[in-house]
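Below you'll find the structure, written out as structure tokens, and then a few comments.
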Amino acid sequence: MFSIIVAIAQNHAIGKDNKLLWHLPEDLKRFKRITTGHPVIMGKKTYESLPIKPLPNRTNIVISDNPADRFNGCVTVHSMDDLKQFCNDPQEEYFIIGGASIYRQFLDLSDRIYLTTVHKDFEGDVFFPEFDRDQWIVEEEEHFQVSETNPLPNTFSILKRKNEK
């Protein structure tokens, strides 16, 4: 099962100059808690932006269209067919962690979105794709106000795709 995990601004911005737009310590802890022990799938630019490479205690899968690319401590794939070789356990949750083109490719393939919405517009050069929220059910939602450990108001939601009949 593919699940997307992402933090977006109100205007869907997710990054600028290959960097995150904000620092939310609690959201980073939540990301670590949710993804630890599971494979994470990302594009080359997302991998290059990570402060720690590869992310510990997770199988890191990097998608690159350059066949010469290899990333230390990671599985490197060059196509969706290559990826299917590593994502064939129906009991496993595979987390899509970015960037924008990877999110776009996996949005229709994902069953769940772990979504942090920062309640502010940001100037960005990378955006999460627009999606039809009517296709999703909110399973869980928690609102966070500004505090010492939370510099921006945000909402954490778990969205599950509605079963089409």
Side-chain angles (χ1 to χ4, degrees), residues 1-15 20-43 45-47 49-52 54-63 75 77 80 83-122 124 126-165:
M1 168 175 74
F2 292 117
S3 293
I4 287 173
I5 187 164
V6 63
I8 68 173
Q10 283 180 156
N11 62 341
H12 282 232
I14 58 174
L20 296 176
L21 299 171
W22 49 73
H23 180 72
L24 293 174
E26 291 304 315
D27 190 53
L28 293 172
K29 287 178 193 172
R30 183 172 38 247
F31 174 90
K32 182 178 180 180
R33 185 179 71 251
I34 291 169
T35 63
T36 293
H38 299 282
V40 291
I41 300 168
M42 69 199 89
K45 286 183 183 176
T46 297
Y47 175 78
S49 75
L50 295 175
I52 299 170
L55 291 174
N57 304 312
R58 287 155 272 204
T59 299
N60 288 237
I61 302 171
V62 181
I63 301 172
V75 173
V77 298
M80 291 298 272
L83 183 64
K84 288 176 186 171
Q85 293 178 35
F86 298 97
C87 301
N88 55 13
D89 180 350
Q91 303 305 312
E92 181 61 80
E93 190 168 13
Y94 298 90
F95 284 94
I96 311 306
I97 68 168
S101 68
I102 303 299
Y103 286 135
R104 207 172 297 108
Q105 290 176 63
F106 281 90
L107 191 56
D108 289 339
L109 303 173
S110 296
D111 297 308
R112 213 174 238 113
I113 302 174
Y114 295 80
L115 177 68
T116 299
T117 305
V118 176
H119 300 290
K120 181 179 175 183
D121 286 343
F122 280 82
V126 181
F127 294 83
F128 190 77
E130 295 288 331
F131 64 101
D132 183 357
R133 290 189 183 243
D134 289 339
Q135 293 182 4
W136 302 86
I137 298 167
V138 177
E139 281 191 318
E140 188 178 309
E141 194 162 75
E142 195 173 356
H143 303 279
F144 299 93
Q145 300 305 316
V146 173
S147 68
E148 283 184 26
T149 59
N150 191 55
L152 295 163
N154 64 86
T155 300
F156 175 68
S157 309
I158 299 175
L159 308 178
K160 182 180 178 190
R161 184 179 299 281
K162 289 181 180 176
N163 290 330
E164 300 293 322
K165 294 186 179 180

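No hydrogens, no waters, no symmetry mates; every other heavy atom, side chains included, goes into these values.
- Side-chain contact between Val146 and Leu152 is absent, with no heavy atoms from C-beta onward closer than 4.5 Å.
- Note: Phe131 and His12 have tilted aromatic rings, judged against thresholds of 30 and 60 degrees for the angle between ring planes.
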| task | Go through the steps for Phe95 and Ile41 under the test side-chain contact (heavy atoms from CB on, under 4.5 Å), then give the verdict. | result | CA-CA 6 Å; Phe95 284 94; Ile41 300 168; over 6 Å; no

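- Judged purely by atom type and a 3.5 angstrom limit, Tyr47 has no side-chain atom pairing as donor or acceptor with the backbone of Asn60.
- Taking the six-membered ring where the residue is Trp, Phe106 and Phe2 present perpendicular rings, their angle passing 60° and hence far from 30°.
- Side-chain contact between Thr116 and Ile8 is absent, with no heavy-atom pair separated by less than 4.5 Å.
- At least one side-chain heavy atom of Leu24 sits less than 4.5 Å from a side-chain heavy atom of Asn150.
- Remark: the backbone N or O of Pro129 is not paired with any side-chain donor or acceptor of Arg104 at under 3.5 angstrom.
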| message | Please determine whether side-chain contact (heavy atoms from CB on, under 4.5 Å) holds for the pair Asn154 and Trp22, giving the CA-CA distance in whole Å, both sets of side-chain angles, and the decisive distance to 0.1 Å. | response | CA-CA 11 Å; Asn154 64 86; Trp22 49 73; over 6 Å; no

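- By the 4.5 Å heavy-atom criterion applied to side chains, Lys160 and Arg112 are counted as neighbours.
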| request: Please step through side-chain contact (heavy atoms from CB on, under 4.5 Å) for the pair Ile52 and Leu50, ending with a clear verdict. | output: CA-CA 5 Å; Ile52 299 170; Leu50 295 175; 5.9 Å; no

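- Side chains of Val62 and Val77 form no contact here, defined as non-hydrogen atoms less than 4.5 Å apart.
- Closest non-hydrogen pair, Gly37 versus Glu92, comes out as O-OE1, 4.4 Å.
- Interatomic distance, Asp121 CG to Leu21 CG, rounded to the nearest 0.5 Å: 11.0 Å.
- Within the cation-pi definition used here (under 6.0 Å to the ring centroid, within 45° of the axis), Lys120 qualifies as a partner of Phe122.
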| When you look at Tyr94 and Phe86, which way does the ring pair (Phe, Tyr, Trp, His ring centres under 6.0 Å) test go after all the steps? | CA-CA 10 Å; Tyr94 298 90; Phe86 298 97; 9.9 Å; no

